[in-house]
Amino acid sequence: MLDAHYAFILLSDEKWWKRLCERNRNGNQIHAFVRRSRVGPLETEKLFFYVKRPVMQIRGVADFIERLSGNYKELWFSYGNATCLKTFDEYITFLRGRETVTFIRFKNFCELDNPIPMEVIKKILDVLRIPRNGKYINRETANQLMV
């Protein structure tokens with residue numbers, strides 16, 4: 001793996017962030033983040049979770065396991081229990097008609113004691129906003145964010 005792909009920043013709505021934290025507090029070890037198309041990291045070591053408006057902070061980190069893309073039904077029945085979605089019907093509503101989805105699997109998820117605010121992210125990454133599809137960052141940049 002290239003050092004340029006050491007970490008990947010995932011965007012999350014506040015609703016899904018809260019559910020992920022709840023799942024984690026309930027003792028779940030492996031989690032899956034659902035994306036509505038074939039997007040997300042292919043190779044990385046760490047995931048950073050950026051919670052969008054109104055929070056606008058990196059609120060958590062985890063160890064990347066794998067990215068799986070494919071048929072929405074097959075992925076749900078194999079890995080749906082690791083997502084923040086509570087039922088198949090909620091999953092279908094979330095997908096808004098898409099049939100190809102991505103599950104980003106991860107472990108060792110933890111909430112940051114000191115979330116990283118957007119002002120710091122802007123300064124370190126030299127961006128005005130985090131791209132909707134996420135963003136790879138190198139090891140040095142990841143370490144700067146975590147200081």
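Since the structure is predicted, the reported quantities are computational estimates derived from the model, not experimental observations. What's counted below: heavy atoms across the whole structure, side chains too, no hydrogens, waters or symmetry copies.
Electrostatic pairing of Lys18 and Glu14 counts as a salt bridge here, judged by a charged N lying under 4.0 Å from a carboxylate O.
Of all non-hydrogen atoms in Tyr91 and Leu85, the two that sit nearest each other are CD1-CD1, 3.5 Å. Summarising the geometry of Asn138 relative to Tyr6, their closest heavy-atom pair is C-CB, 3.9 Å, with the distance given to 0.1 Å. Between Gln57 and Pro115, the shortest heavy-atom contact is OE1-CB, 3.3 Å. The heavy-atom pair separating Asn133 from Arg35 by the smallest distance is CA-NH2, 3.5 Å. Across Glu43 and Tyr136, no two heavy atoms sit closer than the pair O-CE2, 3.3 Å. In plain terms, the two heavy atoms of Cys21 and Glu111 that are nearest each other are SG-CD, 3.4 Å.
Considering only heavy atoms from C-beta on, Ile137 comes within 4.5 Å of Leu145 through its side chain. Contact of the Leu112 side chain with the Met146 side chain is registered, since non-hydrogen atoms from C-beta on lie closer than 4.5 Å. Within the 4.5 Å cutoff, the side chain of Ile124 has no heavy atoms near those of the Ile116 side chain.
Hydrophobic clustering keeps Phe64 apart from Trp16 (ILVMFWY residues linked when any side-chain heavy atoms are closer than 4.5 Å, directly or through intermediates). Note on Phe33: it does not cluster hydrophobically with Trp76, by side-chain heavy-atom contacts below 4.5 Å among ILVMFWY residues. Hydrophobic clustering, with ILVMFWY side chains joined whenever heavy atoms are under 4.5 angstrom apart, keeps Ile130 apart from Val39. Note on Ile30: it does not cluster hydrophobically with Leu20, by side-chain heavy-atom contacts below 4.5 Å among ILVMFWY residues. Leu75 and Phe94 end up in the same hydrophobic cluster when Ile, Leu, Val, Met, Phe, Trp and Tyr side chains are linked at under 4.5 Å.
Residue pairs satisfying the salt bridge (Lys or Arg N to Asp or Glu O under 4.0 Å) criterion with at least one member in residues 112-130, sequence neighbours excluded, are absent.
The structure places CG of Leu47 at 11.5 Å from NE2 of His31, a figure rounded to the nearest 0.5 Å. Between Ile58 atom CD1 and Ile9 atom CD1 the span is 4.5 Å, to the nearest 0.5 Å. Atom CD of Glu22 sits about 9.5 Å away from atom CG of Asn28, to the nearest 0.5 Å. In this structure, NZ in Lys73 is found 12.0 Å from CG in Leu95, a value given to the nearest 0.5 Å. Within the model, atoms CG of Leu42 and CZ of Arg67 stand 4.0 Å from one another, a figure rounded to the nearest 0.5 Å.
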Query raised in the report: Given Arg139 and Asp3, is the side chain to side chain contact (heavy atoms under 4.5 Å, CB included) satisfied, shown in steps?
Result: CA-CA 6 Å; Arg139 184 182 306 267; Asp3 189 56; 3.0 Å; yes
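With Glu74 contributing its side chain and Tyr72 its backbone, the two residues share no donor-acceptor pair below 3.5 Å.
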Please tabulate, for side-chain N and O atoms in residues 96-109, each donor-acceptor pair with protein atoms closer than 3.5 Å (sequence neighbours left out).
unit_1	atom_1	unit_2	atom_2	d
Thr102	OG1	Ser37	O	2.5
Thr102	OG1	Ser69	OG	2.8
Arg105	NH1	Glu66	OE2	2.5
Asn108	ND2	Asp63	OD2	2.6

Below 3.5 Å, can you tabulate the donor-acceptor pairs from side chains in residues 48-55 to any protein atom, sequence neighbours excluded?
unit_1	atom_1	unit_2	atom_2	d
Lys52	NZ	Asp13	OD1	2.8

